[in-house]
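Written out below as structure tokens is the structure these notes cover.
Predicted model, so just to flag it, every value in this text is computed and none were measured.
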Amino acid sequence: MRRAGLGEGGPQGNYVASGYSVYEEENEHLQEGLKAKVNALKHLSIDIGNEVKYQNKMLGEMDTDFDSTGGLLGSTMGRLKLLARGSQSKVFCYMLLFALFVFIVLYWVIKLR
């Protein structure tokens, strides 16, 4: 590609006067700015990748925790169903004793006031 003032056989002084060096300097400056932006994006993408790996690990641990909690709740519900299927008089007796205990505690708290 030929540029103005850079033809063959031209005087060497026209190289600087043509503005070629000004454009070259501007191009290098823009190239350095682009390199800096590319490096910043590279570091940002690496940080995002690390964060994704960390959060994937945390999600895996949470999945394990939820599975174990679900098993615990399932076994507790099974026990409650077994208790509910048992003798109803026993459950009624426990509820009556609990209610009596609550009333005694309330009476005691009100009397001490």
Not counting sequence neighbours, which residues clear side chain to side chain contact (heavy atoms under 4.5 Å, CB included) with [X]? List them please.
| X | value |
| --- | --- |
| Leu112 | Trp108 |
| Val109 | Val105 |
| Leu106 | Val102 |

List the atom pairs, with distances to 0.1 Å, where a side-chain N or O of residues 52-69 and a protein N or O form a donor-acceptor pair under 3.5 Å, not counting sequence neighbours.
from: Gln55; atom 1: NE2; to: Glu51; atom 2: OE2; distance (Å): 2.9
from: Thr64; atom 1: OG1; to: Gly60; atom 2: O; distance (Å): 3.1
from: Ser68; atom 1: OG; to: Asp65; atom 2: O; distance (Å): 2.8
from: Thr69; atom 1: OG1; to: Asp65; atom 2: O; distance (Å): 2.8

Please tabulate, for side-chain N and O atoms in residues 27-40, each donor-acceptor pair with protein atoms closer than 3.5 Å (sequence neighbours left out).
none

Q.
If hydrophobic residues (ILVMFWY) are linked whenever their side-chain heavy atoms come closer than 4.5 Å, directly or via other members, who joins Leu100 in its cluster?
A.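 Answer for Leu100: Ile104.
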